[in-house]
Amino acid sequence: MRIAVYSTKPYDRKALEEANERHGHELTFLEARLQENTAALADGHDAVCAFVNDQIGTEVVHELADQGVELLTLRSAGFNHVDVDAATERGITVVRVPAYSPYAVAEHTVGLMIAVNRRLHRAYNRVRDGNFALEGLLGFDLRSKRVGIIGTGRIGQITARILRGFGCSLRAYDPYPNDEVRDYGVRYVDLDTMFAECDVITLHCPLTPDTHHIIDEEALSKMKDGVMIVNTSRGPLVDTVAVIEGLKSGKIGNLALDVYEEEGDLFFEDLSDKVITDDVFSRLLTFPNVLITAHQAFFTQEALSNIGETTLSNASAYARGDRSGNEITPENIRPNRREGSHGAPQGEPEGDQHHDAEHTGAGQTG
Ligand code: NAD
């Protein structure tokens, strides 16, 4: 297929070119983000390949369809940046990479927890500056601390397994509790109980209307003073203005983010020469107990290689007239939207042990 690859970075190109040795598609690499004023660049292509900060709303879908694009192959699991209904209506098949390395994200999550707790980001700079003082670097043992995991899908489960090795006491909230996770010693609780009991809360659920701002002022008011919050999932799960207030009051003792509500204007670009005009983001950077990485949790060699292979094998399956199994349809998004409810703690639905990860991946991903 002739595929226009948007938002291409050198590492994307390398992974896709390697995978393409097995698939033989015609790839056009474009640095531009896919949005209304760049959709025309897909003219002459059968397929478009896009990443997380491409904006594939209704207008873009129509423009792509008018140009004859038949396939949208996402290099991500998340698809909340795509108007799937419009794509379906216009006959564009949307496929994604449902899982490429949950280990990459889980390991980065735990890395952030340790780094922000032990202030490794500050220690690194101090030592380079000849400052060997320890004031301001005091952390706590993770052992025996209660960690709450919101969302126990692929990444949440692996995070639980790693944290069990640290001797943490694990709690979880998920509308679809999972027996395997219970085997790691995780106890499912409702959100209010988690907020009241946990020293650390880490987010691994998708972004849906139910989970938007799942961490907001009200949620924070139910948490322990000095709580650590970690978000490697999707920016809008956290109300940034509320967490800034939480940091100022001391309610939040540590905040680690790999994603940010308005990251589309910032992340994946070198803006070190530019003025950052996002005052909310700039405020976050002023706190000594905040550590932010720029959506890099997915960024391992293994993950990039899996993304390249699945992205192109999805296109190959389409070209052969087969289904890859990674298609996104309006039907397979909706079950997730009905589940889970912010502010309405559910605990464990009686007798509901169902966990269908394919039906729960509506969130954004790296
Ligand atoms: P998954 O689909 O395997 O698991 C998601 C889990 O969330 C499921 O168990 C689901 O039941 C649960 N869930 C759904 N609604 C919920 C709710 N209201 N409250 C609590 N839990 C709920 O997804 P995954 O592969 O584990 O990925 C999790 C998230 O990680 C993705 O949605 C994505 O946003 C993020 N992600 C980030 C990066 C990165 O680079 N930072 C990379 C990959 C994925």
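First listed ligand is number 1; within each ligand, the first listed atom is number 1.
Among pairs with a residue in residues 279-292, those fulfilling side chain to side chain donor-acceptor pair (under 3.5 Å) read Arg283-Thr286, at least two apart in sequence or across chains. Screening residues 102-114 for side chain to side chain donor-acceptor pair (under 3.5 Å), with sequence neighbours left out, gives His108-Thr293, Thr109-Thr232.
Ligand 1 is never approached by Leu207 to a heavy-atom distance shorter than 4.0 Å. Residue contacts with ligand 1: Ser233 is included, with a non-hydrogen atom under 4.0 Å away. At least one heavy atom of Tyr100 sits under 4.0 Å from some atom of ligand 1. The shortest separation from a heavy atom of Ala99 to ligand 1 is not under 4.0 Å, leaving the residue out of contact.
Shown are Arg143, Lys224, Arg171; of these, the salt bridge (charged side-chain N to carboxylate O under 4.0 Å, His left out) with Asp199 is made only by Lys224.
Taking 4.5 Å as the limit, some side-chain heavy atom of Val189 sits within range of a side-chain heavy atom of Arg187.
Of the heavy atoms in His295, only side-chain atoms (C-beta onward) come closer than 4.0 Å to ligand 1.
If you check the side chains of Thr58 and Asp83, you find a donor sitting under 3.5 Å from an acceptor.
Taking all heavy atoms of Pro206, Gly156, Pro177 into account, the minimum distance to atom 14 (C) of ligand 1 is reached by Pro206.
If you number the atoms of ligand 1 from 1 as listed, the ones under 4.0 Å from a heavy atom of Asp258 come out as 39 (C), 40 (O), 41 (N).
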